Each structure stands twice: as C-alpha cells, then as structure tokens.
2 protein chains.
Amino acid sequence: MKQQNLAALPTLAALKDKGFRLTKIRRLIVGAFFSDTTVPVSAAELQLQLLASGTKANKTTVYRELEFLSAQGVIVEINAGDGRKRYELKRYGHHHHVLCLRCNTVECVAVENCALEEQLSGLKDFKVTGHTLNFFGLCAECR
Amino acid sequence: MKQQNLAALPTLAALKDKGFRLTKIRRLIVGAFFSDTTVPVSAAELQLQLLASGTKANKTTVYRELEFLSAQGVIVEINAGDGRKRYELKRYGHHHHVLCLRCNTVECVAVENCALEEQLSGLKDFKVTGHTLNFFGLCAECR
DNA sequence: TTGACAAATGCAACCTTGTTGCAATACAAT
DNA sequence: ATTGTATTGCAACAAGGTTGCATTTGTCAA
Ligand SMILES: [Mn+2]
Ligand SMILES: [Mn+2]
Ligand SMILES: [Zn+2]
Ligand SMILES: [Zn+2]
C-alpha cells in the first residue's frame, strides 16, 4: 500500500530522465495532481493536503515545486480571478472554468471546439497566444 | 481652462444629489475616467496620474475612491489575470479584454452579442451570473 | 558502501497589492 | 461663520507570493 497514484509514475520517470530528483515532496505533489480530485488546487491547499497526509512542506518549497512542474509542462496555472493561483494537470485539453463567488470553488468546464480566438476581430497588431474564459456565480451548495 | 472633462459633470452632479461630496480628488478621478484614454487603469497608475497633474493622493484614498465609484456604478473592476485590478467607466457595454504579457497593457475588445453564458452546458446546479474572457499575447509594440 | 556534487529544502526576510482603525481635515448646508 | 459628517492621511496590518543563503538530501560513480 505504499505506492498509490500509479498514473503519476511515467511523469516522475520522465522528470528523472531529465536529471531532476524524485524527492519525497515531489512524488507526493505529482501524486496529488494525479489523484481522484480533478479540482484545481492552490498552493496553500496543496500544502494542507500534504500536511494531512503526514508530510510537512515549507511554503516556499510548495511554491517552487508548482513553478517547477509548470515549467516542465506537468501542470498548468489557472487564474480564476480571485487573488490566488490554482494548478491542475496539463493533460486535460483546453477548457474553461467556473468560480463560485461565495466559497471560491473552481470547477472545470469542458468545451468541444473552442474558436474564441478566431472570432476575435479588431486587433490589428496584437498577436493573441491564448485566452481564459471564467464564468462566475453560485455553486450548488451556495445558491 | 479650469474645468475640463465636461462629460464627467453629470456623473458628479448625480453623486452630489445622493449626498456625497465633490472633493478635489473625486473630481480628478472621475475626470480621469472620462478623459481621452479609454484604457483600463490600476490604482497605482491612477495615483501616478493624479501626481503628474499636481495632486498628491494617499494610496488608501485611491483604493477607497475606486471602491466607492464601483459601488456607485460609475466604474467597473476588471481582472486581467495579472496580479492587479483595473477599472474603467461602466458606460461601455459588455466586452472582453486583451492583455499584453510583456508590458501588461490591457485593451478592450468589443463584442457584438455575447452568448457565452447561454452556450454553457453541463453545470446542473450552478447559477452563472457573469463571465470574463481575457485574451493574452503581445501588443504591437512588444511583439 | 561510501563520498561527492548538485538539486532541493527550510528559514527569515522581503515584496506587492490591497485593507483597516482612527484621528485630522474639508465639504456643504445652514 | 458654524457645524455635522463625509472624506482623507497615516500607520499598521494581511494575504499571496518571492528571494538569498545556509543546510539537507537524492543520485551516481568509485
Ligand atoms: Mn481546469
Ligand atoms: Mn474594458
Ligand atoms: Zn460555492
Ligand atoms: Zn505590450
């Protein structure tokens, strides 16, 4: 019962191949992103999850690991508009997000084929490289 | 040549009718929002504009005035995803924004009839009350 | 196994954006 | 001019995040 989150293993192996180390915290964080919850998670939430599972990680370490995993393309940063960044596995394709204004929960919203950037007009000299579409309102529990 | 930004006057008169005072800083800030630049502005930028035009306003005052004008429906808050809020006159209808990732300039993007919220599906118990669509990339000067 | 070296970590101090309590000031009605 | 209160300034605070640097730990080669 030691090694859960089997899906995380290829990712960890790839990181090791690139010369990075597989530390306890790194394994746990990657494992957390691969675990059941598909909800985007913030640095503080992640730190708490680690603590709950018995590992005390410094705030700086968590931030640095999130930055690292983003740079390595393992996770992506999500800015839902409230004051904190969240992260989720990059494997999910392009999609949008919904934020509850009361409990600040973020949900992912699938999107078939998003053509928002093509529909954009009136920007003569602006090179668009991406977009974020955030809906907000009240979730089931909060409405 | 004392009173510029004539378009700001009805707004100021309406505020006065509601019992609020027309202080120097309030006049200047409302005037700034009505002046030529239609680019969304942050608290710090606004404070600098005031300073450049000869009026020193405290940081707290600027934040409180932006909050006040938002509450009064004169301006709206914009969250472009970088770490700072911006504000613009509420008179422009619903539209979206473009953020330059290098110089952090924000531009407004008109939108004919935005049906993004109607097209949203798969959220059984979530009551959507609004959305923000931010494009990002490189502006003319930065690309 | 054991060293050695670099990657990763912890800590404290710092930064930015924004907020709060409270005393002092300045509108505007009288 | 006087007065009541909206507004302001100041200092202190708070959340989220970053940085420098000394210490620890993962990895690999001997
Ligand atoms: Mn998502
Ligand atoms: Mn705008
Ligand atoms: Zn909620
Ligand atoms: Zn730019």
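Because the structure is predicted, anything quoted here is derived from the model rather than measured. Quick note on labels: first sequence line is chain A, next is B, and so on, each numbered from 1.
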Mind checking who shares a hydrophobic cluster with [X], ILVMFWY linked at side-chain heavy-atom distances under 4.5 Å?
X: V111(A); answer: none
X: Y63(B); answer: none
X: L116(A); answer: V98(A), V109(A), L120(A), L123(A), F126(A), V128(A), L133(A), F135(A), V98(B), V109(B), L116(B), L120(B), L123(B), F126(B), V128(B), L133(B), F135(B)

Exercise. Would you say E117(A) has more than 12 foreign heavy atoms packed within less than 6.0 Å of its CD?
Worked result: yes
For this session: State whether the number of non-hydrogen atoms from other residues, nucleotides or ligands found under 6.0 Å of Q72(A) atom CD is greater than 12.
Result: yes
Problem set entry | Heavy-atom pair with the smallest gap, counting every atom of G31(B) and A8(B) | CA-CB, 4.2 Å
Seminar exercise, completed: The complete set of salt bridge (Lys or Arg N to Asp or Glu O under 4.0 Å) pairs with one or both residues in residues 86-99 of chain A, sequence neighbours excluded, reads D82(A)-R86(A)
Side-chain donor-acceptor distances from residues 10-17 of chain A under 3.5 Å, at least two apart:
none

For this session: Please identify each residue that fulfils ring-ring contact (aromatic ring centres under 6.0 Å, His included) with H96(B), with sequence neighbours left out.
Result: H94(B), H131(B)
Seminar exercise, completed: The correct set of residues in residues 15-24 of chain B placing a heavy atom under 4.0 Å from DNA chain C is K16(B), R21(B), L22(B)
For this session: List in numerical order all residues of residues 59-71 of chain B for which some heavy atom is under 4.0 Å away from an atom belonging to DNA chain C.
Result: K59(B), T60(B), Y63(B), R64(B)
Exercise. Hey, where on DNA chain C does chain A first and last touch, going 5' to 3'? Cut-off is any atom under 4.0 Å from a heavy atom.
Worked result: dA6(C) to dA12(C)
Between [X] (side chain only) and [Y] (backbone N and O only), is there a donor and an acceptor less than 3.5 Å apart?
X: R102(A); Y: R143(A); answer: no
X: N134(B); Y: N79(B); answer: yes
X: T129(A); Y: F136(B); answer: yes

Problem set entry | Outermost DNA chain D nucleotides near chain B [under 4.0 Å, heavy atoms] | dG4(D) to dA11(D)
Seminar exercise, completed: Ordered by number, residues from residues 41-49 of chain A within less than 4.0 Å of DNA chain D (heavy atoms) are none
Problem set entry | Spacing of SG belonging to C114(A) relative to CD belonging to Q119(B), to within rounding of 0.5 Å | 10.0 Å
Exercise. Is there side-chain contact between Y87(A) and V74(A), with at least one heavy-atom pair below 4.5 Å?
Worked result: no
For this session: Name all residues meeting the salt bridge (Lys or Arg N to Asp or Glu O under 4.0 Å) criterion together with E107(A); count only those two or more places apart in sequence or in a different chain, and write none if there are none.
Result: none
